[in-house]
Each structure stands twice: as structure tokens, then as C-alpha cells.
Engineer: 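Following this message is one structure expressed as C-alpha cells.
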Amino acid sequence: MPTSDLHDPILDWYDEHQRDLPWRRPEASPWSVLVSELMLQQTPVVRVLPVHEAWLERWPTPADLAAEPTGEAVRAWGRLGYPRRALRLHAAATAIVAEHDGEVPSDYDDLLALPGVGDYTAAAVASFAFGRRHVVLDTNVRRVLARVVGGAELPGRSLTRAERDAAAALVPDDAATAATWAVAVMELGALVCTAAGPRCEACPVAERCAWHLAGHPAYDGPPRRAQAWDGTDRQCRGRLMAVLRENHAPVHRSALDATWPDEAQRTRCLAGLVADRLVAQVAPDVYALP
DNA sequence: GAGCCGTGGTC
DNA sequence: TGACCAAGGCT
């Protein structure tokens, strides 16, 4: 199948159905795009929107954030989850000031070197903020291509070389078009070609989709184990972090003890948070955000 | 490469 | 109701 057959329908669909998101507007700075990408890692758009707006209002440039203690970034992160991302974003801002004169770099390798920026985020920022041509492969794109090209309901657990090659072969030659293509396929995955309950009747390429044409065969790959939650260290760490976020003054250990019944686990998690630099011990039995 | 890292919404 | 999942990265 000529891969270009997919371009026009998806680009036209995006032109008509794209969401108006702050980091997509013409006036959005590369910093705004970078902040959005860190926040959107494993976190839905609707929860990111208010935090992103407040973040850019408070820290309009990387230098503004780098000038603050890391704990302020962790507090402003709020309940987005995975608070180490706040630490990484602060560290990225510091590196941007130190190594790039305060300007978010446009080069993929420079972006990849920043804390919290992996292959996806580097490609996304280079593409969305600077119009560069890259293979932007996130979970949405992987799912869309698995269905349209691969005829499978869901992609495999790990990204394969063949999968990356297939995605690369679909990227339009022109850089500006490639950048729009990247965001368009992601948007299609987010709004139509969703993991559960895809709306094939609204899909611009349903009649070219291998999975749709095959009658929606069910996923038959290796089982995807569900994340445990109740009683895990992650839940315990979340409780501890919530207390420290809510208190602007340092808190005594007794206030933390009340949040989790298992003392051994609680102590271990607190030590882990300190080791991760998400929590600072400011005195014996007294803790605060760093 | 598998395991770990938060949080809250959805069907 | 609860399992699944949401623009990943790091070790």
C-alpha cells in the first residue's frame, strides 16, 4: 500500500478536528512545549491544562524556574503524579541556562541530553516547537500504526526496530508537513483510535485500516500485567508527598506517621524520597520539600 | 529488558 | 466494582 495514501486523510482530519491546546498555539514558546511534554508523560491532557497554565505564568522562561528551589517545582507540580518529573524539569531548566544561554535547544541530541527528556520527548519538542522532521513515536502513534499498518489491536510491549522503521517510512519528506503529521497521528490516537472503544466510524482511514478490515481481531500478544496499587511503595510515597506539599512549613515525623500504618514501609519510603531528593530532612525528625 | 515511579478517570 | 489506562524515562 502506498503509504502516502494515509497522509491527506489524516492531515485533513487533523485540520478539522484538532483540539485548541495552549502549547499548540502559534505564540507558544519552546519552553511551553517542553513543559507540556514533561507534564503529559503518562498524564491526561485535562489534568495537565491548569497546572501548565499556572506554571508558565509563574515561570515564563527556563531561567525563572532555575532560579527557584527544586521544592517549589515539586509543590507546583501538584497532583500530576510522578513528581520526579518536576525535579527533572527543574534540572532541565538549569541545564538550559547553563549550557544553552537560557534558550530551549532545537537540536534533537541537545534535547535528548536534558534530564527527563528521552527519545519521544526530544523528537516531540524538536518537531512541535521547531518544525524539525523526526519520528515521533508515543503510545498513541504506536497504537494507530499497529492497527492501520499492522492489523493488530495493540502494539507489543516493547518498541521493535521493525516498528520504528515502519513509522519512519511514513514520515513525510517535507519538515513542516512531517511536524504536522506527527501531531496529527497522535491526535487521531487520542481522540478516535483510542485503546478502549475506538470510534472507527469517525476515522478518516478506517477503510484503509488493516485491523478494521480484518474485523477487529482481539489482542493476542503477551499479557500486559496491570499495575498493582494498594499497599505499594508508590501509594505510600504519594501519601507522604501529599502531606509535604500541603504544608508550607517543615513537618514533624509524627505528621507523616499518621498517613501510613506500616511503620517499616513508611520509614523505607521516606528514606527513598530523601534519597531521590524529593524530600529534605531539615532537622532530626523534621522534613520539608527541598 | 523488566521493574519502578503517582494520580485519577473511565467503561 | 475494579481492571485498565494516560503525549515516558531511568536504572
Side-chain angles (χ1 to χ4, degrees), chain A residues 14 18-19 21-24 28 32-52 74 77-89 91-92 111-129 134-145 153-161 167 179 182-191 193-199 219 222-245 259-260 268-269 272-273 275-279:
Chain A
Y14 180 71
Q18 62 175 284
R19 289 169 292 181
L21 301 175
W23 45 88
R24 284 185 188 162
S32 174
V33 175
L34 178 63
V35 171
S36 78
E37 290 301 337
L38 267 290
M39 290 182 172
L40 287 164
Q41 291 169 1
Q42 302 287 282
T43 305
V45 166
V46 290
R47 223 178 307 163
V48 165
L49 282 169
V51 181
H52 178 272
V74 173
W77 197 256
R79 308 183 68 82
L80 287 183
Y82 294 142
R84 292 199 284 205
R85 292 182 294 163
L87 245 35
R88 292 170 184 158
L89 184 51
L111 288 162
L112 190 61
L114 297 173
V117 177
D119 169 67
Y120 161 74
T121 303
V125 173
S127 181
F128 304 155
H134 284 285
V135 182
V136 182
L137 260 183
D138 77 322
T139 185
N140 286 306
V141 176
R142 290 191 66 210
R143 184 176 57 251
V144 171
L145 297 186
E153 181 184 19
L154 298 168
R157 296 206 48 79
S158 57
L159 181 61
T160 64
R161 176 60 187 271
V183 70
V185 178
M186 286 177 60
E187 190 77 334
L188 186 65
L191 298 182
C193 194
T194 55
R199 303 188 298 116
Y219 177 74
R224 343 178 109 227
R225 78 174 49 77
Q227 301 183 78
W229 177 246
D230 286 333
T232 61
D233 283 4
R234 283 198 294 173
Q235 186 183 29
C236 180
R237 287 164 59 106
R239 295 263 185 91
L240 296 171
M241 289 302 298
V243 172
L244 293 166
R245 275 198 310 268
T259 65
W260 196 260
R268 170 163 46 83
C269 286
L273 290 170
D276 289 343
R277 308 275 186 180
L278 281 165
V279 173

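Letters A, B, ... are given to chains in the order of the sequence lines, protein chains preceding strands, and every chain is numbered from 1.
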Engineer: For dG8(C), take OP1 and OP2 only and decide whether either is under 4.0 Å from a side-chain N or O of Q42(A).
Structural biologist: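 Looking at the OP1 and OP2 atoms of dG8(C), one of them is under 4.0 Å from a side-chain N or O of Q42(A).
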Engineer: When the distance from CD of E153(A) to C1' of dC4(C) is rounded to whole Å, what number comes out?
Structural biologist: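 It works out to 12 Å between those atoms.
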Engineer: Calculate the interatomic distance between R268(A) atom CZ and dC4(B) atom P; express it in whole Å.
Structural biologist: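 The distance from CZ of R268(A) to P of dC4(B) comes to 11 Å, rounded to the nearest Å.
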Engineer: Verify the contact: side-chain N or O of R85(A) to OP1 or OP2 of dG6(B), cut-off strictly under 4.0 Å; return yes or no.
Structural biologist: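 For dG6(B), OP1/OP2 do not have a side-chain N/O of R85(A) under 4.0 Å.
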Engineer: What is the distance, to the nearest angstrom, from the CG atom on L112(A) to the P atom on dC10(C)?
Structural biologist: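 In whole Å, dC10(C) P and L112(A) CG are 8 Å from each other.
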Engineer: Need one value for A195(A): base, sugar-phosphate or nothing, where a base atom within 4.0 Å counts as base even if backbone is also close, heavy atoms only.
Structural biologist: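 Contact class for A195(A): sugar-phosphate only.
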Engineer: Which nucleotide, dG9(C), dC5(B), dT7(B), lies nearest any side-chain atom of Y120(A)?
Structural biologist: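 The answer is dG9(C), which lies nearest to the side chain.
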Engineer: Answer yes when E37(A) and R85(A) have at least one side-chain N-carboxylate O distance shorter than 4.0 Å, and no when they do not.
Structural biologist: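 No salt bridge links E37(A) with R85(A).
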Engineer: Could you check R88(A) against V117(A) for side-chain contact (heavy atoms from CB on, under 4.5 Å), going step by step and ending with a plain yes or no?
Structural biologist: CA-CA 9 Å; R88(A) 292 170 184 158; V117(A) 177; over 6 Å; no
Engineer: Indicate, with a heavy-atom threshold strictly under 4.0 Å, whether G81(A) touches base, sugar-phosphate, or nothing.
Structural biologist: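 Base: the residue G81(A), judged by heavy atoms under 4.0 Å, touches a nucleobase.
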Engineer: Quick one: does R47(A)'s side chain get under 4.5 Å of R79(A)'s, heavy atoms only?
Structural biologist: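 The answer is no; the side chains never approach within 4.5 Å.
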Engineer: Does G238(A) or A196(A) map to a spot on DNA chain B nearer the 5' end, using the closest nucleotide for each?
Structural biologist: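 With G238(A) and A196(A) compared, the 5'-side residue is G238(A).
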Engineer: Assign L87(A) to base, sugar-phosphate, or nothing according to its heavy-atom contacts below 4.0 angstrom with the strands shown.
Structural biologist: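 L87(A): no heavy atom of the nucleic acid under 4.0 Å.
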Engineer: Between atom CD in Q41(A) and atom P in dT7(B), what is the gap in whole Å?
Structural biologist: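 It works out to 16 Å between those atoms.
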Engineer: What's the gap between dG3(B) and dC4(C) when it is taken at their P atoms, as a whole Å value?
Structural biologist: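 Their P atoms lie roughly 16 Å apart.
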Engineer: Which pair of non-hydrogen atoms, one from D276(A) and one from L87(A), has the smallest distance, and what is that distance?
Structural biologist: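 Shortest heavy-atom separation between D276(A) and L87(A) comes out as O-CD2, 3.3 Å.
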Engineer: Should the side chain of R47(A) and the base of dT7(B) be counted as holding a donor-acceptor pair, with the cut-off at 3.5 Å?
Structural biologist: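 Side chain to base: pair present.
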Engineer: Starting at atom CG of D230(A), determine the distance to atom P of dT1(C), rounded to an integer number of angstrom.
Structural biologist: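 These atoms are roughly 15 Å apart.
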Engineer: Would you classify R24(A) as touching base, sugar-phosphate or nothing, given that sugar-phosphate means primed atoms plus P, OP1 and OP2, and contacts are heavy atoms under 4.0 Å?
Structural biologist: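 Touches a base.
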Engineer: Over all strands shown, is W77(A) touching base, sugar-phosphate only, or nothing at heavy-atom distances under 4.0 angstrom?
Structural biologist: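 Nothing: the residue W77(A), judged by heavy atoms under 4.0 Å, touches no strand.
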Engineer: Is Q235(A) touching bases, backbone alone, or none of the nucleic acid, heavy atoms closer than 4.0 Å?
Structural biologist: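 It contacts nothing in the nucleic acid.
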Engineer: Could you measure between the two P atoms, the one in dG9(C) and the one in dG8(B), and give it in whole Å?
Structural biologist: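 Those two atoms are separated by 23 Å.
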Engineer: Less than 3.5 Å between a donor and an acceptor, one on the side chain of T121(A) and one on the base of dG9(C), is that the case here?
Structural biologist: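 Side chain to base: no pair present.
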Engineer: Stepwise, does the side-chain contact (heavy atoms from CB on, under 4.5 Å) test hold for V136(A) with Y120(A)?
Structural biologist: CA-CA 6 Å; V136(A) 182; Y120(A) 161 74; 3.5 Å; yes
Engineer: How is T139(A) classified with respect to the nucleic acid when contacts are heavy atoms under 4.0 Å: base, sugar-phosphate, or nothing?
Structural biologist: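 Sugar-phosphate: the residue T139(A), judged by heavy atoms under 4.0 Å, touches backbone atoms but no base.
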Engineer: Could you check how far CZ of R277(A) sits from P of dC10(C), rounded to whole Å?
Structural biologist: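 That distance rounds to 18 Å.
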Engineer: What's the gap between dA7(C) and dC4(B) when it is taken at their P atoms, as a whole Å value?
Structural biologist: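 My reading of the P atoms in dA7(C) and dC4(B) gives 23 Å.
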Engineer: Between dG8(B), dG6(B), dG9(C), which one does the side chain of R79(A) approach most closely?
Structural biologist: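 Looking only at heavy atoms from C-beta outward on R79(A), the closest nucleotide is dG8(B).
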Engineer: Does Q235(A) use its side chain to pair, donor to acceptor, with the backbone of G231(A) at less than 3.5 Å?
Structural biologist: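 The answer is yes, because a donor-acceptor pair under 3.5 Å joins these two groups.
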Engineer: What is the distance, to the nearest angstrom, from the CZ atom on R142(A) to the P atom on dG9(C)?
Structural biologist: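 The distance from CZ of R142(A) to P of dG9(C) comes to 12 Å, rounded to the nearest Å.
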Engineer: Considering heavy-atom distances to DNA chain B, does D276(A) or P44(A) have its closest nucleotide positioned more toward the 5' end?
Structural biologist: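 This one resolves to D276(A).
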Engineer: Think R157(A) has a side-chain N or O under 4.0 angstrom from the OP1 or OP2 of dG8(C)?
Structural biologist: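 For dG8(C), neither OP1 nor OP2 has a side-chain N or O of R157(A) closer than 4.0 Å.
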Engineer: Side chains of V74(A) and L244(A), heavy atoms from C-beta outward: is any pair under 4.5 Å?
Structural biologist: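 They are not in side-chain contact.
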Engineer: In whole angstrom, what separates D119(A)'s CG from dA7(C)'s P?
Structural biologist: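 Rounding to the nearest Å, CG of D119(A) and P of dA7(C) are 16 Å apart.
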Engineer: Would you mind classifying the nucleic acid contact of L38(A) as base, sugar-phosphate or nothing, using non-hydrogen atoms under 4.0 angstrom?
Structural biologist: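 No contact at all - L38(A) keeps every heavy atom at 4.0 Å or more from the nucleic acid.
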Engineer: What's R88(A) touching, base or sugar-phosphate or nothing? Going by heavy atoms closer than 4.0 Å.
Structural biologist: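 Sugar-phosphate contact only - R88(A) comes under 4.0 Å of backbone atoms but never of a base.
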